[in-house]
Amino acid sequence: MIDHVSVGVSDLDRAAKFYEAALASLGLMRLVTRPRTVGFGKAYPEFWINLREAMPHVAPESGVHICLRARTTAEVDAFHAAALSAGGGSDGAPDIRPHDRVRYYAAFVTDPDGNRIEAVMFPQE
């Protein structure tokens, strides 16, 4: 249903380094580099960061987040650890999250601009 997503960042170089580290654990790599945008993906750019110099820090209560699928709990763990090592913040450590319809394993991070990114996988019972 969704072809690609993008987030605004105030410092393209800083954000590119952050996302290169965090997304590598999910198998995404930098595929496109342009003066004001960088695209990450596996075969084509699915996740973009776009330079917005005057963008304020994203407010925690904005409610916006992007969730990326992981294949294993180890990938979720690696995503969280890499994001923290690359200058991001934790917004929910890796753990099982019970829900009324499905059980899932996820971690939430914020990038240096406050964008909330989640990695999720659904363990088989």
Side-chain angles (χ1 to χ4, degrees):
M1 180 173 104
I2 296 172
D3 181 72
H4 64 276
V5 296
S6 64
V7 297
V9 298
S10 62
D11 181 323
L12 192 63
D13 291 332
R14 176 185 69 183
K17 288 175 186 163
F18 169 82
Y19 282 107
E20 279 179 327
L23 298 180
S25 61
L26 302 176
L28 284 80
M29 63 188 138
R30 185 193 289 220
L31 298 176
V32 175
T33 302
R34 297 182 185 141
R36 299 183 58 84
T37 190
V38 175
F40 299 87
K42 295 177 182 175
Y44 71 95
E46 304 166 58
F47 185 89
W48 292 86
I49 56 174
N50 300 308
L51 181 60
R52 303 290 185 258
E53 297 97 335
M55 183 180 98
H57 194 78
V58 177
E61 64 275 4
S62 73
V64 176
H65 88 278
I66 296 171
C67 183
L68 304 170
R69 186 69 63 98
R71 292 176 298 208
T72 65
T73 57
E75 284 186 0
V76 173
D77 295 345
F79 164 80
H80 189 262
L84 297 185
S85 292
S90 178
D91 200 30
D95 202 357
I96 289 288
R97 312 233 188 259
H99 193 272
D100 59 342
R101 293 185 350 225
V102 66
R103 215 172 61 103
Y104 62 99
Y105 189 86
F108 297 84
V109 301
T110 54
D111 75 5
D113 288 290
N115 292 300
R116 190 170 188 237
I117 311 296
E118 175 186 4
V120 67
M121 67 85 53
F122 297 89
Q124 300 300 315
E125 296 291 335

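Closest approach of P112 to F18, counting heavy atoms only: CD-CG, 3.7 Å. Of all non-hydrogen atoms in P123 and I96, the two that sit nearest each other are CG-CD1, 3.9 Å. For the residue pair K42 and L28, the shortest heavy atom distance occurs at CE-CD1, 4.0 Å. Counting all heavy atoms, side chain and backbone alike, S10 lies closest to L51 at O-CD1, 3.5 Å. When all heavy atoms of R30 and A16 are compared, the pair lying nearest together is NH2-CB, 3.0 Å. Considering every non-hydrogen atom in both A106 and V76, the closest pair reads C-CG1, 3.7 Å.
The pair R36-E53 counts as a salt bridge, with a side-chain nitrogen and a carboxylate oxygen less than 4.0 angstrom apart.
A distance of 7.0 Å separates CG of D113 from NE2 of H57, quoted to the nearest 0.5 Å. A distance of 9.5 Å separates CG of D11 from CD1 of I49, quoted to the nearest 0.5 Å. Taken to the nearest 0.5 Å, the CZ atom of R103 stands 11.5 Å off from the CZ atom of F122. For the atom pair CG of D91 and CG of N115, the computed distance is 12.0 Å after rounding to the nearest 0.5 Å. Considering CG of L26 and CZ of R69, their distance stands at 11.5 Å, rounded to 0.5 Å. Note that CH2 of W48 and CZ of F40 are 10.0 Å apart. Values are rounded to the nearest 0.5 Å.
Residues P94 and T73 have side chains not in contact (no heavy-atom distance under 4.5 Å, counting atoms from C-beta outward). You'll find the side chain of V7 reaches within 4.5 Å of the side chain of F47, heavy atoms only. Side-chain contact between T37 and S6: absent, with no pair of heavy atoms (C-beta onward) separated by less than 4.5 Å. Residues L68 and E118 fail the side-chain proximity criterion, which asks for heavy atoms closer than 4.5 Å. D3 is listed as a side-chain neighbour of Y44, based on a closest heavy-atom distance under 4.5 Å.
Y19 and M29 are members of different hydrophobic clusters when ILVMFWY side chains are connected at heavy-atom separations under 4.5 Å. Connection of V5 to F79 is established within a shared hydrophobic cluster, with ILVMFWY side chains joined at heavy-atom distances below 4.5 Å, either directly or through further cluster members. Under a hydrophobic clustering in which Ile, Leu, Val, Met, Phe, Trp and Tyr are joined whenever their side-chain heavy atoms come within less than 4.5 Å, directly or via other members, I2 and V64 fall into different clusters.
Just one of L12, V32, N50 meets the side-chain contact (heavy atoms from CB on, under 4.5 Å) condition when paired with V38; it is L12.
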